[in-house]
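Right, one structure below, let's go through it.
In listed order, ligands and their atoms are each counted from 1.
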Amino acid sequence: MQKLIFPEHFQWGTATASYQIEGAWNADGRGLSIWDVFSHTPGKVKNGDTGDVACDSYHRIDEDVALLQKLGVKVYRFSVAWPRIYPEGTGTLNKPGLDYYHRLVDALLAADIEPFCTLYHWDLPQALQEKGGWDNRETIDHFVHYAETLFQQFNGKIKNWITINEPWCVSILSNYLGAHAPGNQDLQMALDIGHHLLLAHGKTVQRFRQLNMEGQIGIAPNVSWNEPYSNREEDVAAARRMRGACNEWFLDPLFKGSYPDFMVAWYQKMGASVNIQPEDMAIIQQPIDFLGINYYTGSLVTYKQGEGDYDGEDVEEGRERTDIGWNIYPEGFYNVLTWLTEQYGDVPIYITENGACYNDEVQNGKVADTRRIAYLQKHLLQLHRAIASGVNMKGYMTWSLMDNFEWAEGYSKRFGIVHVNFETLVRTPKQSFEWYQQVIAHNRLEV
Ligand SMILES: OC[C@H]1NNC[C@@H](O)[C@@H]1O
Ligand SMILES: [Ca+2]
């Protein structure tokens, strides 16, 4: 057995999101979000599941924080539900909603756990959606106002802030592919929305600096690693487009102040272009303190005319897949992290999400999720390789603390290291919880 030691002060953690765990969808003044509307719309979510109850974490702060304490994490990433703070998105502040997050943050600090707060993890107030949502530039200023409220409320208590979770999902997946709320299928709208999300991010970072806030702020894009099946230039170009839609499309504006030309040209061929106003790119390119990276899977890609949106097709290599069907591609984790550092420089990185879907059930009070342990072990090995090769890695938060509402898949897909019985809401730490607890306790990986 080889022991791979992680750097001193490496921050181990885990992650969740408001709509996926809180429930209490209409408690204490919470306003409707686009995910309440989407999940209540027949046919949108598997088995008609909704986030009405979810894991009921809204009423179980002490139980969940006790699990985090038992796990031994240094950081806990959660998100704030905008409609709990401003039920209409702006206007009247909902104090009971704010108080819930004060209780949560105070419990984390009492347990010596660093809160990592995501300002936007997809639950846009429905009232703003009715005025165009993220397609309406006014939503940008409402977001900055919402963020500023939280900055003022939690300055000194929350010192780690993430503006937007996975802008690719919020724009392309939700407004071009239509799989997530609000479910539009309009490429031009999706590109405009992506641009407005980046502007909301940039303006929020500016506000954070102006308020002289304590702590650090970043953004958490999801990245993908797609490599060419061969060095034929059409395979190389197809793989680059598949990566580019997810990675460069957002990372180039954030770090280089411009959209990648090869993708702008591709979208122009698809009939869409980004509407950029003169000041926009300078706002988006605000320096950030860290980059959050969400990594799950990758693929080999071969050129195939007319296939998908990028004339690229994943090559079936016979790799194992998780229970949500995603390819297990651990070396892609190393490759994307070293690629990021080459492309964008030495920005401090947190892995804000990485984990696997396996739908193991409780048997004799235990959940033997050995496949999840194997996934985590393989990916942490690659993370250790990336650190050894000089990537500026600050911490790792596994997705997720507990099984939760997996968006359009509802409760059918389990990512947790803690099992949740969605009838009784009983939480059962899985074998992966115990395994991860040891990794954290010794700050090392045994392979
Ligand atoms: O699909 C697994 C996770 N991916 N990133 C965003 C999270 O909200 C998802 O549950
Ligand atoms: Ca538009």
Side-chain angles (χ1 to χ4, degrees), residues 13-23 33-36 38-39 44-46 49-51 54-55 57 76-82 116-124 162-175 177 179-182 194 197 218-225 245-247 250 291-299 321-329 332-333 336 349-359 369 371-372 375-376 379 396-420 422 432:
T14 185
T16 62
S18 43
Y19 190 76
Q20 295 182 271
I21 66 164
E22 287 177 359
S33 77
I34 57 175
W35 268 96
D36 296 291
F38 196 75
S39 67
K44 297 295 185 186
V45 177
K46 195 164 277 186
D49 289 342
T50 75
C55 308
S57 286
Y76 173 54
R77 179 181 177 228
F78 63 94
S79 78
V80 172
W82 187 346
F116 239 87
C117 177
T118 307
L119 290 162
Y120 188 73
H121 201 124
W122 307 356
D123 34 9
L124 183 73
I162 292 165
T163 52
I164 309 280
N165 184 68
E166 301 184 347
W168 179 86
C169 290
V170 182
S171 55
I172 300 288
L173 184 64
S174 306
N175 290 283
L177 303 179
H180 280 191
L197 288 166
I219 184 170
N222 54 299
V223 294
S224 166
W225 190 256
C246 210
N247 305 349
F250 298 99
L291 179 63
I293 289 294
N294 295 355
Y295 177 84
Y296 289 93
T297 182
S299 70
R321 291 175 181 273
T322 63
D323 284 353
I324 198 167
W326 298 350
N327 229 4
I328 299 179
Y329 206 108
F333 199 18
V336 75
I349 297 175
Y350 286 86
I351 303 304
T352 35
E353 287 182 32
N354 173 248
C357 169
Y358 286 112
N359 299 327
D369 60 335
R371 293 175 298 170
R372 176 173 287 103
Y375 177 99
L376 294 174
H379 286 77
Y396 173 91
M397 294 156 227
T398 190
W399 185 270
S400 177
L401 168 63
M402 66 181 92
D403 297 334
N404 58 51
F405 178 80
E406 179 51 31
W407 309 111
E409 298 291 332
Y411 299 103
S412 70
K413 301 291 183 293
R414 296 175 176 273
F415 276 88
I417 57 175
V418 173
H419 179 278
V420 177
F422 291 105
S432 56

Return yes if a side-chain donor-acceptor contact under 3.5 Å exists between [X] and [Y], otherwise no.
{"X": "Tyr296", "Y": "Thr322", "value": "no"}
{"X": "Ser18", "Y": "Asp123", "value": "yes"}
{"X": "Asp369", "Y": "Ser432", "value": "yes"}
{"X": "Tyr76", "Y": "Thr16", "value": "yes"}

Residues Lys46, Glu406: salt bridge by 4.0 Å N-O rule: no

Just do the side chain to side chain contact (heavy atoms under 4.5 Å, CB included) check on Ile219 and Leu291 with the steps written out, would you? CA-CA 6 Å; Ile219 184 170; Leu291 179 63; 4.1 Å; yes

Per-pair distances, ligand 1 N/O vs protein N/O, less than 3.5 Å:
{"from": "ligand 1", "atom 1": "1 (O)", "to": "Glu406", "atom 2": "OE2", "distance (Å)": "2.7"}
{"from": "ligand 1", "atom 1": "4 (N)", "to": "Tyr296", "atom 2": "OH", "distance (Å)": "3.4"}
{"from": "ligand 1", "atom 1": "4 (N)", "to": "Glu353", "atom 2": "OE1", "distance (Å)": "3.2"}
{"from": "ligand 1", "atom 1": "5 (N)", "to": "Glu166", "atom 2": "OE1", "distance (Å)": "3.2"}
{"from": "ligand 1", "atom 1": "5 (N)", "to": "Glu166", "atom 2": "OE2", "distance (Å)": "2.9"}
{"from": "ligand 1", "atom 1": "5 (N)", "to": "Glu353", "atom 2": "OE1", "distance (Å)": "2.6"}
{"from": "ligand 1", "atom 1": "8 (O)", "to": "Gln20", "atom 2": "OE1", "distance (Å)": "2.7"}
{"from": "ligand 1", "atom 1": "8 (O)", "to": "His121", "atom 2": "NE2", "distance (Å)": "2.8"}
{"from": "ligand 1", "atom 1": "8 (O)", "to": "Trp407", "atom 2": "NE1", "distance (Å)": "2.8"}
{"from": "ligand 1", "atom 1": "10 (O)", "to": "Gln20", "atom 2": "NE2", "distance (Å)": "3.0"}
{"from": "ligand 1", "atom 1": "10 (O)", "to": "Trp399", "atom 2": "NE1", "distance (Å)": "3.2"}
{"from": "ligand 1", "atom 1": "10 (O)", "to": "Glu406", "atom 2": "OE1", "distance (Å)": "2.7"}

